[in-house]
2 protein chains.
Amino acid sequence: MGLTKTQEFTSQQNDLANLAKALGHPARIAILQFLATSQACVCGDIVDELPLSQSTVSQHLKELKKVGLIKGSIEGPSVCYCIDNEAWQNAQSKMAALFEMYKDPSCC
Amino acid sequence: MGLTKTQEFTSQQNDLANLAKALGHPARIAILQFLATSQACVCGDIVDELPLSQSTVSQHLKELKKVGLIKGSIEGPSVCYCIDNEAWQNAQSKMAALFEMYKDPSCC
DNA sequence: TACCTTAATCGTAAGATTACGATTTAAGTT
DNA sequence: AACTTAAATCGTAATCTTACGATTAAGGTA
């Protein structure tokens with residue numbers, strides 16, 4: 001098959017899974033870390049920072065844009081990328097909420 | 001190709017990506033939520049809780065075991081599943097650390 | 001021993017992901 | 001208009017993922 005049974009789960013579960021999926025590649029983690037630690041917007045020198053080709057990096061950026069974590073604004077001939085603050089906060093709290101569901105181990 | 005260039009990234013980036021990947025499916029989110037909210041260990045009635053076949057659920061459980069988030073102990077004819085407290089705490093702080101890298105938006 | 005239950009594994013099909021080179025698109029420059 | 005630069009998209013190949021039915025393995029019961 002190969003296709004997830006999305007409709008069988010809640011939208012919260014799907015949202016969180018999609019967010020996690022977007023974080024599920026070291027290149028995308030690296031991109032986010034790079035954007036998070038750079039003070040200003042980054043005008044596309046992300047390709048030079050990563051050990052991947054331009055087209056592959058562009059594909060990863062697309063994935064991150066899809067879940068809203070980053071946004072790109074056209075700045076002359078290049079594109080400036082930065083983290084979307086609102087989406088970032090939202091993702092942070094959603095992920096935190098998952099981990100906070102489990103507290104002390106009542107057994108095992 | 002289809003294979004991730006793991007060796008080109010740091011082990012921290014790979015670890016976090018693998019963790020996120022494990023969370024990147026609504027069924028696995030559902031399993032974790034189920035285990036997290038149930039007080040005691042769950043003796044394999046997870047299949048009944050999910051809209052998936054027994055073999056598919058078993059496969060998802062395997063993925064979660066692979067990253068250590070859950071563990072299963074044989075209890076007679078069935079298996080008791082629960083969240084691995086240490087791995088859970090570890091995952092929580094790793095994920096939190098990622099989100100804490102970005103603070104206030106310096107631009108955009 | 002034969003039977004039943006529970007869960008893992010096998011085999012397989014459909015589809016998604018990752019990666020790259022090549023091409024296209026868009027904006028600025030000469 | 002022709003050229004350069006930056007980034008998205010296209011086309012494609014290899015591999016991974018998701019899902020299910022069928023089978024196997026392990027443990028308990030009649």
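To find a chain, count down the sequence lines: A is the first, B the second, and so on, and within it residues start at 1. Fair warning: this is a prediction, and the values are worked out from it, not measured in the lab.
Counting any heavy atom pair closer than 4.0 Å across all strands shown, Ser53(B) reaches a base atom. At a threshold of 4.0 angstrom between heavy atoms, the contacts of Gln59(B) include nucleobase atoms, whether or not backbone atoms are also involved. Contacts of Ser55(A) with the nucleic acid, taken as non-hydrogen atoms under 4.0 Å apart, include base atoms.
Which of dA19(D), dT15(D), dA7(C) sits closest to the side chain of Leu3(B) comes down to dT15(D). Closest to the side chain of Thr4(B), out of dT18(C), dA7(D), dA19(D), is dT18(C). Side-chain proximity of Ser58(B) to the nucleotides dT18(D), dA19(D), dA8(C) is greatest for dA8(C). Taking the side chain of Tyr81(B) as heavy atoms from C-beta on, and the options dA7(C), dA8(C), dA7(D), the nearest nucleotide is dA8(C). Among the nucleotides dT18(D), dA8(C), dA8(D), the one closest to any side-chain atom of Leu61(B) is dA8(C).
In this structure, the side chains of Ile70(A) and Leu32(A) come closer than 4.5 Å at one or more pairs of heavy atoms. Under the 4.5 Å side-chain criterion, counting only non-hydrogen atoms from C-beta, Leu52(A) is in contact with His60(A).
Applying the side chain to side chain contact (heavy atoms under 4.5 Å, CB included) test between Leu16(A) and each of Leu19(A), Asn14(A), Asn18(A) identifies Leu19(A) as the sole match.
In this structure, the NE2 atom of His60(A) is 15 Å from the C1' atom of dA8(D), given to the nearest Å. Going from atom CD1 of Ile46(A) over to atom P of dA7(D) covers 8 Å, rounded to whole Å. Spacing between atom NE2 of His25(A) and atom P of dT17(D) amounts to 11 Å, rounded to whole angstrom units. Lys62(A) has its NZ atom 14 Å from the C1' atom of dT18(C), to the nearest Å. Rounded to whole angstrom, the span from the CG atom of Leu52(B) across to the P atom of dT17(D) amounts to 17 Å. For the pair Ile29(B) CD1 and dT18(D) P, the computed distance is 12 Å after rounding to whole Å.
Phosphate contact (OP1/OP2 of dA19(D), side-chain N/O of Thr56(B), threshold under 4.0 Å): absent. Within the 4.0 Å cut-off from OP1 or OP2 of dT17(D), at least one side-chain nitrogen or oxygen of Lys21(B) is found. For Lys65(A), a side-chain nitrogen or oxygen approaches OP1 or OP2 of dA8(D) to under 4.0 Å.
Minimum interatomic distance between Trp88(A) and Phe99(B) (heavy atoms only, all atoms of both residues): NE1-O, 2.9 Å.
The SG atoms of Cys43(B) and Cys80(B) sit under 2.5 Å apart.
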